[in-house]
Amino acid sequence: MPALPPIRLGINVDHVATVRNARGGKHPDPLKAAEIAIAAGADGITAHLREDRRHIVDDDVVRLKAHIKRPLNLEMAATPEMVAIARRLRPHAACIVPERRAERTTEGGLDVAGQREALRAAVGQLAGADIRVSLFIAAEPAQIEAAAAIGAPVIEIHTGAWCDAVVAGDGAGAAAEFDRIARGAALAAKAGLEVHAGHGLDFITAERIASLPEIVELNIGHFLIGEAVFEGLGDAVRHMRAAMDRGRARAAGRAP
Ligand code: PXP
């Protein structure tokens, strides 16, 4: 059997902005994080412009679109404001996500089956601006069928419940969730949808889910930004130590 093409990795830089916004100002910059992620092998960058702008802000998406050398995937609610922003910005892709309780299914993804007409209109408006639209849904047959029926070319399967079960050590729950995802991915691919997945993935769950052949892209954020603190903190401290030591060397011979 021929090898499948590599699974694409989209890096979500929202939580770089979360850290920046804790102080205001410009540091750390999600654009710099995006450029580092791309240099390290990311195939695309994802940013979620929330209605309350709690992490990524409008200027971030403008700068990401202008400067990154890989596709930008804008996560957004299906509101008139966000659709207008996306149509102006023209990211490569837009992933429609629920932001309010009423838009969610019990599993946490978008309730496509319950709001077909509103979502069909948003998908059409985004597609009309040449944006590839995905819908972030639970791996539920009713949601998958509704996504295909309203003309979305892509779905992103919500992996949060599975990842939570894995982290909690709930073997039976994790097996049931993984099975649901695998069946959903197969059903979606059969319906002609491109299948992505994301939410809560870490090294272990990303390796496991990459074994599902229908899934062509993973979008990963929170775990990696957290891991970057551990993998990068030692170097940052060494850099600071060296800067302080250089400064101190210039004080030689000067009495306190
Ligand atoms: N995919 C979608 C649609 C999301 O909303 C998120 C969270 O912003 C992710 C992927 C990434 O999830 P995490 O930050 O848990 O890796």
Side-chain angles (χ1 to χ4, degrees), residues 7-19 21 30 33-34 37 42-57 60-61 64 71-79 82 86 91-101 103-105 107-112 119 122-123 126 131-140 143-144 147 152-168 177 181 184-185 188 193-210 215-229:
I7 189 163
R8 294 197 300 266
L9 172 59
I11 298 294
N12 180 314
V13 294
D14 291 353
H15 297 300
V16 178
T18 302
V19 175
N21 297 358
D43 299 294
I45 297 298
T46 295
H48 185 177
L49 185 65
R50 298 186 70 101
E51 288 176 80
D52 64 8
R53 311 305 198 262
R54 74 176 68 152
H55 36 58
I56 292 291
V57 298
D60 292 327
V61 291
L64 285 166
L72 174 65
N73 173 35
L74 179 69
E75 282 178 13
M76 50 175 273
T79 60
M82 288 299 155
H92 168 80
C95 179
I96 301 183
V97 300
E99 286 192 14
R100 281 185 290 270
R101 285 227 146 278
E103 298 168 336
R104 292 169 196 229
T105 65
E107 286 76 29
L110 199 60
D111 184 13
V112 185
L119 288 171
V123 169
L126 293 166
I131 299 167
R132 194 155 169 81
V133 186
S134 71
L135 302 178
F136 185 45
I137 59 173
E140 285 298 313
Q143 301 299 339
I144 293 164
V154 184
I155 59 162
E156 180 162 324
I157 293 180
H158 196 315
T159 52
W162 170 54
C163 293
D164 286 348
V166 171
V167 169
E177 287 295 337
I181 292 169
L193 293 161
E194 182 175 312
V195 187
H196 303 176
H199 202 94
L201 294 170
D202 61 14
F203 294 133
I204 291 167
T205 45
E207 180 169 343
R208 180 88 208 279
I209 203 166
I215 297 181
V216 301
E217 177 174 312
L218 300 179
N219 284 299
I220 307 180
H222 184 266
F223 171 79
L224 275 180
I225 302 308
E227 200 61 15
V229 172

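All values below were derived from every heavy atom in this structure, side-chain atoms included, with hydrogens, water molecules and symmetry-related copies excluded. Atoms within each ligand, like the ligands themselves, are counted from 1 in listed order.
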Problem - Contacting atoms of ligand 1, where contact means under 4.0 angstrom from a heavy atom of I220 - result: 16 (O)

Handout entry: Any donor-acceptor N/O pair, E227 side chain to F223 backbone, under 3.5 Å
Key = no

Exercise for the section: With sequence neighbours left out, write down each residue that passes ring pair (Phe, Tyr, Trp, His ring centres under 6.0 Å) with H199, or none if nothing qualifies. Expected result: H158

Exercise for the section: Would you kindly say whether N73 and T46 are connected by a side-chain donor-acceptor distance under 3.5 Å? Expected result: yes

Handout entry: Under 4.0 Å to a heavy atom of N219 - the qualifying atoms of ligand 1, by number
Key = 10 (C), 11 (C)

Practice task
Report, in ascending order of atom number, the atoms of ligand 1 lying under 4.0 Å from any heavy atom of V97.
Solution key: 3 (C)

Exercise for the section: For atom 16 (O) of ligand 1, grab the closest protein heavy atom and report residue, atom and distance to one decimal in Å. Expected result: G221 N, 2.7 Å

Problem - Contact check, side chains of I7 and E217, non-hydrogen atoms, under 4.5 Å - result: no

Exercise for the section: Go through ligand 1 atom by atom and flag the ones less than 4.0 Å from a non-hydrogen atom of N12. Expected result: 8 (O)

Practice task
Note the single closest protein heavy atom to atom 5 (O) of ligand 1, along with its residue, its atom name and the distance in Å.
Solution key: E75 OE1, 3.0 Å

Exercise for the section: If you have a sec, work out which protein heavy atom is nearest atom 15 (O) of ligand 1 and how many Å separate them, to one decimal? Expected result: G200 N, 2.8 Å

Exercise for the section: Say whether H222, considering both its backbone and side-chain N or O atoms, lies within less than 3.5 Å of an N or O atom on ligand 1. Expected result: yes

Exercise for the section: Among all protein heavy atoms, pick out the one at the shortest distance from atom 12 (O) of ligand 1; state its residue, atom name and that distance to 0.1 Å. Expected result: H199 CA, 3.4 Å

Fill in the blank from the handout: Of all heavy-atom pairs linking A138 and T105, the shortest is CB-OG1, 4.1 Å

Problem - Side chain proximity check, V229 to V19, heavy atoms < 4.5 angstrom - result: no

Handout entry: Contact (N/O only, under 3.5 Å) between H48 and ligand 1
Key = no

Handout entry: Nearest-0.5 Å distance, NE2 of residue H55 to OG1 of residue T18
Key = 5.0 Å

Problem - Nearest heavy atoms of A42 and I11, plus distance in Å - result: CB-CG1, 3.6 Å

Practice task
Provide the number and element of each atom of ligand 1 under 4.0 Å from a heavy atom of E156.
Solution key: 1 (N), 2 (C), 3 (C), 10 (C)

